[in-house]
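Working notes, structure below.
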Amino acid sequence: MLDFAHPWAALALPLPLLAWWLAPPHRETVSALRVPFFDSLVAAAGAKANPGAVVVRRGWIQRVASLLVWAALVGGLAQPEWVGEPIVRTDAARDIMLAIDLSGSMDARDFPGEAPGENGGKASRFEAVQRVVSQFVAEREDDRIGLIVFGARAYVQLPFTRDLQTAAALVDLMEVGMAGPQTALGDAIGLAIRQFEDSDIDERVLILLTDGNDTASRMTPVNAAGIAALNSVEIHTIGIGNPDATGEDRVDFDVLQAIAERTGGGFYKADDEGALREVYRRIDEATTAEVTVQSWRPRESLVHWPVGIAVVVWLIATGLLLARRPRAQA
């Protein structure tokens, strides 16, 4: 689409007509002798014509060329631009950090899967979590996603990004025990808070999934949740596993619920893979997502076209006038 940055420049088009009307050429009536062969006579006499001896009249070439050159220069002054198709960019609606427990207890095969398999159709807790998280990541359209894995210590596996393919690939590369055998739940929350500090997005969501209780953190999970609340981080906790087990295999639902309540998030229990998918769906619906859309059209300047046309017309007109000028005979 053609557009003009300064359309008001078109007001300059009638300026030559106004100049011709308001300031016409000077005309003076004097006695004179008109000689058709004046140029030849002056050349033969070896004299020089005085000013006014030759009345110069503009031909049609000069008139047409002058109008075209002026119109082209006015067109260049208007700064024509070619406006391309609109380009739409969608800013991130939310920053979602997934903190996933990879302690040794996640390898337990006591999680009912959605498809029959070994162990009476039961999959390991981690296999079920991995499938559900992969689907959740793939469905993010307007959000930035980040990944934290924790065991004996917490690690940032992926900072916030819109690159969902990389996020999904890293989820597939997760392995049980890669962060240590214990559960540093509070440290995972603290590490997530540090990641959110560099975010300028208001909607900050941490989804914390674990099957054990905190045994390795330097800060208690509830205190870490209090700091998260001060930083506007909403934590949703998901507990899987057996609350009646002992040691590292015992999941502390009470602590997970306290974490969620301190930050305004939700606490969920997942007993099988279907329930786990439902939990992620409910979390997605519970967190608001305000999408910011920016749209602009690329612009390409076309000023060189009218200026080029003016130069070409001027050169052609000059060439035609030089070709029509009579040549002196030897």
Side-chain angles (χ1 to χ4, degrees), residues 96-111 119 122-134 136 146-159 167 170-196 205-229 231 233 235-263 265 267-273 276 279-280:
I96 299 179
M97 179 65 74
L98 301 177
I100 301 174
D101 184 356
L102 294 183
S103 60
S105 56
M106 288 290 289
D107 207 24
R109 287 190 170 272
D110 59 354
F111 210 71
N119 302 311
K122 291 186 178 182
S124 72
R125 299 171 184 176
F126 173 69
E127 289 173 350
V129 169
Q130 193 175 40
R131 285 193 291 266
V132 174
V133 170
S134 296
F136 180 80
L147 296 174
I148 288 178
V149 296
F150 63 95
R153 296 188 63 181
Y155 301 94
V156 176
Q157 191 179 31
L158 180 68
L170 290 176
V171 171
D172 292 338
L173 292 175
M174 291 180 182
E175 293 182 4
V176 174
M178 65 184 295
Q182 296 176 303
T183 305
L185 195 59
D187 289 352
I189 297 175
L191 184 57
I193 293 172
R194 287 199 292 271
Q195 296 300 307
F196 282 114
V205 180
L206 170 62
I207 301 177
L208 183 66
L209 186 145
T210 182
D211 71 338
N213 60 340
D214 188 87
T215 57
S217 293
R218 289 168 291 182
M219 177 182 294
T220 64
V222 176
N223 289 340
I227 298 175
N231 288 271
V233 178
I235 302 179
H236 296 269
T237 56
I238 304 173
I240 61 177
N242 185 5
D244 299 324
T246 60
E248 193 69 35
D249 294 336
R250 176 181 174 273
V251 58
D252 194 337
F253 288 152
D254 293 334
V255 170
L256 294 179
Q257 186 169 4
I259 292 172
E261 290 177 351
R262 290 288 294 271
T263 62
F267 164 65
Y268 306 91
K269 297 179 183 179
D271 299 325
D272 55 40
E273 189 169 338
L276 185 59
V279 166
Y280 273 93

[atom1]/[X] to [atom2]/[Y] distance, rounded to the nearest 0.5 angstrom?
X      : Y      : atom1 : atom2 : answer
Ser217 : Asn223 : OG    : CG    : 11.0 Å
Asp211 : Asp107 : CG    : CG    : 10.0 Å
Tyr280 : Leu98  : OH    : CG    : 5.5 Å
Arg131 : Phe126 : CZ    : CZ    : 10.5 Å
Leu208 : Ile259 : CG    : CD1   : 6.0 Å
Leu173 : Gln157 : CG    : CD    : 7.5 Å

Side-chain touch [X]/[Y], heavy atoms, less than 4.5 angstrom:
X      : Y      : result
Arg153 : Leu191 : no
Glu273 : Glu127 : no
Val279 : Phe136 : no
Arg125 : Asp101 : no
Glu175 : Leu102 : no

Which atom of [X] lies closest to which atom of [Y], heavy atoms considered:
X      : Y      : answer
Ala258 : Val222 : CB-CG2, 4.2 Å
Ala184 : Asp214 : C-OD1, 3.6 Å
Thr263 : Ala225 : CG2-O, 3.3 Å
Thr237 : Leu256 : OG1-O, 2.9 Å
Val171 : Ser134 : CG1-OG, 3.3 Å
Met97  : Gly146 : SD-C, 3.2 Å

Worksheet item: Could you go step by step and tell me if Val255 and Asn213 meet the side-chain contact (heavy atoms from CB on, under 4.5 Å) rule?
Response: CA-CA 8 Å; Val255 170; Asn213 60 340; over 6 Å; no
Item to complete: Would you check, one step at a time, whether the test side-chain contact (heavy atoms from CB on, under 4.5 Å) holds for Ile240 with Leu209?
Response: CA-CA 8 Å; Ile240 61 177; Leu209 186 145; 4.0 Å; yes
Worksheet item: Are any side-chain N or O atoms of Thr183 and backbone N or O atoms of Thr215, one a donor and one an acceptor, separated by less than 3.5 Å?
Response: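 No.
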Discussion item. Test of understanding: with ring-ring contact (aromatic ring centres under 6.0 Å, His included), list the residues that count as partners of Phe267, not counting sequence neighbours.
Written reply: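 Partners of Phe267 by the ring-ring contact (aromatic ring centres under 6.0 Å, His included) criterion, ordered by chain and then number, come out as Phe253.
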Practice prompt. With side-chain contact (heavy atoms from CB on, under 4.5 Å) as the test, would you mind laying out the steps for Ile207 and Tyr268 before giving the verdict?
Written response: CA-CA 11 Å; Ile207 301 177; Tyr268 306 91; over 6 Å; no
